[in-house]
Protein chains: 2
Amino acid sequence: MKRTTIIDIARSLGITPSTVSRALAGNLRVSESTRKRVQEKALEMGYQPNIVASSLRRGKSDTIGMLVPRINRHFFSHVISAVEEILNPAGYNLLICQSHEKSELENQALQVLLKNRVAGIIMSHAMETVDFEMARKATEERVPVVQFDRVNKEVPGPRIVNDNFSGAYMAVKHLIRGGYSRIAHLTGSLGVNVYSERHRGYRYAMEEASLDFDELVFEGAITRETGYEKALQLVKQHRVDAFFCAGDFASVGTIQAIHDCGLRVPEDMGVVGFANEPFAGFITPQLTTVEQNAYDMGHRAANALIRVIGGQIMTGMDQEEVVPVRLLVRESSMRATVNNK
Amino acid sequence: MKRTTIIDIARSLGITPSTVSRALAGNLRVSESTRKRVQEKALEMGYQPNIVASSLRRGKSDTIGMLVPRINRHFFSHVISAVEEILNPAGYNLLICQSHEKSELENQALQVLLKNRVAGIIMSHAMETVDFEMARKATEERVPVVQFDRVNKEVPGPRIVNDNFSGAYMAVKHLIRGGYSRIAHLTGSLGVNVYSERHRGYRYAMEEASLDFDELVFEGAITRETGYEKALQLVKQHRVDAFFCAGDFASVGTIQAIHDCGLRVPEDMGVVGFANEPFAGFITPQLTTVEQNAYDMGHRAANALIRVIGGQIMTGMDQEEVVPVRLLVRESSMRATVNNK
DNA sequence: TTGTATGCGTTATCAT
DNA sequence: ATGATAACGCATACAA
């Protein structure tokens, strides 16, 4: 048995599909009475409008493409949730894809979204990505793209980023105030904006305090494992007395390495992370870290997209929105004897 | 400038759209040479097939609807990720909706998926939901529905559930072996299958050990806050010496309540949770809990849906797949003096 | 206020 | 191997 269409409704009411279409759309140029008859009939027949046909005809879609490295990462799943909070009430739905941090999959996903004729795209790039052609191409095909968190200026359109610079600056300054001075920075690829910005914040704070950091920055130490390895090495060499890790996972590895060397956190060594992963407040010692507001970011990204779709933003306009972050001071950086004001 | 269509390609090649369509579809009844010419031209013109038109014409869609209570819950985001792992390679994409644990939103989301003519639906019900008409209606409209985790038998089609009964049984038995006997059970609504099953496992273990539990089961104590409240009350009344909580969040609240009463976990009171939330291994004491395999569940759900779409399962067939769970024994239930074999 | 006619981009059927 | 034609379900310009 086929699904009921406006044609079925029209027939059973002795009117034409056009009238049914108008009635259902709430068009004013249809009499009150027929509108009611149509609505009742539609309900009675269990009519569900065919959005696919409607989209094709209208030449526009109600679905927004969302592309993230991984759905199941705390930060991203919260951004997605926040985006939905804005987009659903606005009549949009989300077609969600993952890149799994791979450029190739990112491009494939982008193609899928384009083929599905999404009304717009909200995305965060894979770590790996250095070629942003596909995303730019999307904008050239009139599909607005909003980037968040991991963004690139080569792609036109709004960018929503965390205040990575300030977060890192606050973190490192906090360590310095705590009396730490040989502060290592474990981070990911500096080709990625979030890490380069955090690195910039780190440098700024170190320079401001006239501290040396020439040999203390380490790319490729961003997972729990790589963080552990690098930290173990540094602690053994007695080269550092604190760590500013560009992510919380590396911080966990770092703390473990410090403990494995028989030293204490924060008494002997301070550790500050970035992201405030769910476990950050639970581990021992509780991790001082920079909190990112995923909800705020998601809301802003969604609203930015709605503005672009609504034509309220020049397409070529290069707009970057910075979401404030907070330093959450916990145990891993607080020496009891030091006054952290 | 409009997007290029097969008509554009046809024109620029001096052939008809039909041939282009066939060539692009890899149809064998088109000459090798024209196929190549078409493919090259398509690439050159930056052609992206219009899936919307294609879906309308073919009468079928490549998108699967996914409906979960909350995207940003660890368990669900991992199930989603696992579903994608199976569905993407099979040529499907995910349209994702959240119910936010509200029946009304669940029904709205279901409507949205139906209107979008998804090829199938994978869903887990909101806690609140007691009326499953809408989901059943979907199946009646020939949209196959696969339920996972929070399922209901009124909805035809495959159901993938965790082995909640066994998990609960193992958890409680483990507490009993550890020497605990007055074991309270904090849980959610017993109208939800996951909680009723865990309750059944709890009862079975208690009865087996001839332990009394008449006044020890408490619905509506499933969040950190409600768990804390109920546990505080019970501990103060000296009525229990252990807790089996139907969720990890309640366990955290429970542990906090026990500590606030000046007692120790596990020395004075044992606590076992359910779900193995990411923080479970990080908190102090580390939480003994039942691990759910979200990936396994997602894979099974996706495969089940593919089978139904492929017609490999009778529509009316009532099939339930049970995913095994594991008890992760950690500190919160291990009295040093007791041998837990 | 309602009907008529047309097209969105694609694919399937039939013919050549 | 290719072309001509129609149809998927809906929305709109135009006519009445």
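Values reported hereafter were calculated over all heavy atoms of this structure, with side chains retained and with hydrogens, waters and symmetry mates removed. Within every chain, numbering begins at 1; the chains are lettered A, B, ... in the order of the sequence lines, protein sequences first and strands thereafter.
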Pairing of [X] and [Y] as salt bridge, 4.0 angstrom limit:
X	Y	answer
A:Glu44	A:Lys41	yes
A:Glu40	A:Arg37	no
A:Arg3	B:Glu141	yes

When we call it a touch if two heavy atoms are under 4.0 Å apart, what does [X] touch: a base, just sugar-phosphate, or nothing?
X	value
B:Ser31	sugar-phosphate
A:Pro17	nothing
B:Ser55	nothing
B:Ser21	base
A:Ser54	sugar-phosphate

Please determine whether side chain to side chain donor-acceptor pair (under 3.5 Å) holds for the pair B:Thr19 and B:Thr16, giving the CA-CA distance in whole Å, both sets of side-chain angles, and the decisive distance to 0.1 Å. CA-CA 6 Å; B:Thr19 308; B:Thr16 63; 3.2 Å; yes

Rounding to an integer number of Å, can you tell me how far [X] [atom1] sits from [N] [atom2]?
X	N	atom1	atom2	answer
A:Leu13	C:dG3	CG	C1'	15 Å
A:Asn27	C:dT1	CG	P	10 Å
A:Lys60	D:dG9	NZ	P	23 Å
B:Ile9	C:dT11	CD1	P	11 Å
B:Arg22	D:dG3	CZ	C1'	7 Å
B:Ile7	C:dT10	CD1	C1'	9 Å
B:Arg37	D:dT2	CZ	P	9 Å
A:Lys115	C:dT11	NZ	C1'	16 Å

Out of [options], which has the shortest distance to the side chain of [X]?
X	options	value
B:Thr34	D:dT2, D:dC10, D:dA4	D:dT2
B:Arg29	D:dA1, C:dG9, D:dA4	D:dA1
B:Thr16	D:dA4, D:dG9, C:dT1	D:dA4
B:Arg57	D:dT2, D:dG9, D:dA6	D:dA6
B:Ile6	C:dT10, C:dC8, D:dT2	C:dT10
B:Ser18	C:dA12, C:dC8, C:dG3	C:dA12

Please work out whether the ring planes of B:Phe75 and B:Phe148 are parallel, tilted or perpendicular, with thresholds of 30° and 60°.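 Because their plane-to-plane angle lies in the 30° to 60° range, the rings of B:Phe75 and B:Phe148 count as tilted.
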
Over 60° means perpendicular and under 30° means parallel, so classify the ring planes of A:His78 and A:His74, tilted if in between. tilted

Earlier contact from the 5' end, DNA chain D, for B:Val30 and B:Ala53: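 The residue whose closest nucleotide sits nearer the 5' end is B:Val30.
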
Take B:Glu32 and B:Arg58, find for each the nucleotide of DNA chain D with the closest heavy atom, and name the residue whose nucleotide sits nearer the 5' end.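 Going by which nucleotide is closer to the 5' end, it is B:Glu32.
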
When you check the phosphate oxygens OP1 and OP2 of D:dC10, does a side-chain N or O of A:Tyr47 lie under 4.0 Å from one of them? yes

